[in-house]
Amino acid sequence: MPLIRRHFLPFVAAAALVVSACGKQEKPGAGGPGGGRGNQPVPVEVAVVREQDWNDALRALGTVKAHEAVTVTAKVSETVQQVHFESGQEVARGAALVTLSGQQQQALLASAEAQVREAEQQFQRQQQLVGQQLVARSAFDTARTARDAARAQAAQIRANLSDRVIRAPFAGVLGIRQVSPGALVTPGTVIATLDAIDRVYVDFPVPETELAGVAPGQALSGHAGAYPGRSFDGSVSTVSARLDAGTRAATVRGDFPNPERLLKPGMLIDVALVRGTRPAIVVPELAVQQIGSETFVWRVKDDGTVEKADVVVGGRTPGKVMLKDGIRAGERIVVEGTGKLQPGAKVAPGGAAPAADGAKK
């Protein structure tokens, strides 16, 4: 027995040392989920959420369209006799653009007018005779019908002849000339484009969720890439009665004065729709976290711990975010120091900062 005890004692001593070492390495509560190292509160900056005036602009990319636009074409098949305009020229309403050859129609008109004169003479004679009761009433009626038919024939030829002179349907700026004298044109042949651009439309999409804040008469501001630093002012003219089934957006049309003709049809314009001032929950941009499809802020509870509060962003301006849902005025949120937080962590506010510049006191 004494020999067994002497051999066993070293093993007992070694086991005691192992237990002692394990006890030194493990400390209750160290590294737990309640805070930082050693369960220490995480130093953060906390802000009290307040309601304040919010005035943001709804932004969209729009396309310029002419106030009036048409592609000038020929109505008949004929040879171009004369072109009265140059590419890019401004023309008045009714100005002659192209004259087509009309020699055949001129000859037909001369013949028709001669027939009208003869029919008029026959009618005059029959009218005198019927007044003297020398001819039957039916002969007089036949002469009147022949006169009216001759007049209608001449009018039809004059109408055909007028189609040989192509005129501007409204005042505007012509595009690039597509025909030359001597060219044969047919119905549908493009002669030039004509655009009225002293005023232009800008069409841009507005999401379904923002339509309640859009109405005719609201102010618009536009910026074109071709003119850096220059702003174009307009107003909402029309809101489409239908939404696109694919995008769930409505087309809004803005009306922009364009006296210098700087805005051209087809241009892309960055449009900002200025909406009225309204009270809203506004927080610093740093407070809003975005991870995948999740958008949230860290809300500080009464016991000094934090929790995630899912929020819905309603708009953004530099440094500020307007929240439509998820947080209420009077609650506290973490503004800085969010990188080390996790749900249930204790925080040590380093000072209360205003939720955003201009917050209501």
Side-chain angles (χ1 to χ4, degrees), residues 61-113 152-205 220 222 224-227 232 234-235 237-238 240 242 251-269 271:
L61 196 62
T63 303
V64 177
K65 295 188 176 182
H67 197 266
E68 299 287 353
V70 69
T71 300
V72 181
T73 60
K75 295 181 180 180
V76 296
S77 297
E78 194 56 86
T79 303
V80 175
Q81 182 176 341
Q82 190 174 1
V83 178
H84 305 284
F85 71 94
E86 295 296 333
S87 299
Q89 179 181 339
E90 282 198 42
V91 294
R93 179 181 179 181
L97 303 180
V98 172
T99 299
L100 304 179
S101 177
Q103 295 178 356
Q104 182 180 0
Q105 281 69 31
Q106 291 285 0
L108 291 174
L109 180 60
S111 175
E113 289 177 342
Q153 181 69 19
Q156 181 179 2
I157 295 174
R158 288 192 190 96
N160 291 335
L161 193 59
S162 68
D163 289 340
R164 266 64 182 175
V165 180
I166 301 172
R167 301 181 181 274
F170 51 82
V173 180
L174 291 163
I176 297 175
R177 191 177 77 177
Q178 303 291 336
V179 296
S180 298
L184 176 64
V185 297
T186 58
T189 298
V190 175
I191 294 172
T193 58
L194 178 63
D195 297 298
I197 57 174
D198 55 334
R199 301 187 69 86
V200 295
Y201 293 128
V202 176
D203 292 350
F204 57 95
L220 295 174
Y227 310 105
F232 298 89
S235 61
S237 172
T238 308
S240 174
R242 294 185 179 184
T251 298
V252 176
R253 170 162 287 183
D255 190 358
F256 285 75
N258 189 35
E260 299 177 60
R261 276 65 167 177
L262 296 179
L263 299 179
K264 310 291 186 184
M267 270 187 172
L268 290 179
I269 300 292
V271 181

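Side chains are part of it too, since the values below use all heavy atoms of this structure and drop only hydrogens, waters and symmetry mates.
Remark: Arg177 engages Val83, Phe85, Glu86, Ser87, Ser180 in a side-chain contact (heavy atoms from CB on, under 4.5 Å) (not counting sequence neighbours).
For the atom pair Thr99 OG1 and Leu97 CG, the distance stands at 9.0 Å (nearest 0.5 Å). Between atom CG of residue Asn258 and atom NZ of residue Lys264 there is a gap of 7.5 Å, rounded to the nearest 0.5 Å. Taking CG of Leu263 as the start and CZ of Arg199 as the end, the distance is 12.0 Å to the nearest 0.5 Å. Taken to the nearest 0.5 Å, the CG atom of Leu262 stands 9.0 Å off from the CD1 atom of Ile197. A distance of 8.5 Å separates CD1 of Ile269 from CG of Leu61, quoted to the nearest 0.5 Å. Between the CG atom of Asp198 and the CD atom of Glu68 there is a distance of 10.0 Å, given to the nearest 0.5 Å.
Between the Tyr201 side chain and the Ser237 main chain, no donor and acceptor come within less than 3.5 Å of each other.
The two residues Ala74 and Ile166 come nearest to each other via the heavy atoms CA-CD1, 4.0 Å. Minimum heavy-atom separation, Ala66 to Ala69: CB-CB, 4.0 Å. Minimum heavy-atom separation, Arg261 to Pro259: NH1-O, 3.0 Å.
Looking only at side-chain heavy atoms (C-beta outward), Leu100 and Val80 come within less than 4.5 Å of each other. Leu220 has its side chain within reach of Phe204: a pair of non-hydrogen atoms, C-beta onward, lies under 4.5 Å apart. Counting heavy atoms from C-beta outward, Lys65 and Pro265 have side chains that stay 4.5 Å or more apart. Between Phe232 and Val202 the shortest side-chain heavy-atom distance does not fall below 4.5 Å. Two residues are said to be in side-chain contact when any heavy atoms from C-beta on lie closer than 4.5 Å; Tyr227 and Met267 meet this criterion.
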inquiry  = If you apply the rule side chain to side chain contact (heavy atoms under 4.5 Å, CB included), what do you find for Thr63 with Leu268, and how did you get there?
reply    = CA-CA 5 Å; Thr63 303; Leu268 290 179; 3.9 Å; yes

query = Step by step, would you call Thr189 with Thr73 a side chain to side chain contact (heavy atoms under 4.5 Å, CB included)?
reply = CA-CA 5 Å; Thr189 298; Thr73 60; 5.9 Å; no

Worked check of side chain to side chain contact (heavy atoms under 4.5 Å, CB included) between Glu90 and Val173 = CA-CA 4 Å; Glu90 282 198 42; Val173 180; 3.6 Å; yes

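Other residues, nucleotides and ligands contribute only 12 or fewer heavy atoms inside 6.0 Å of the CZ atom of Arg93.
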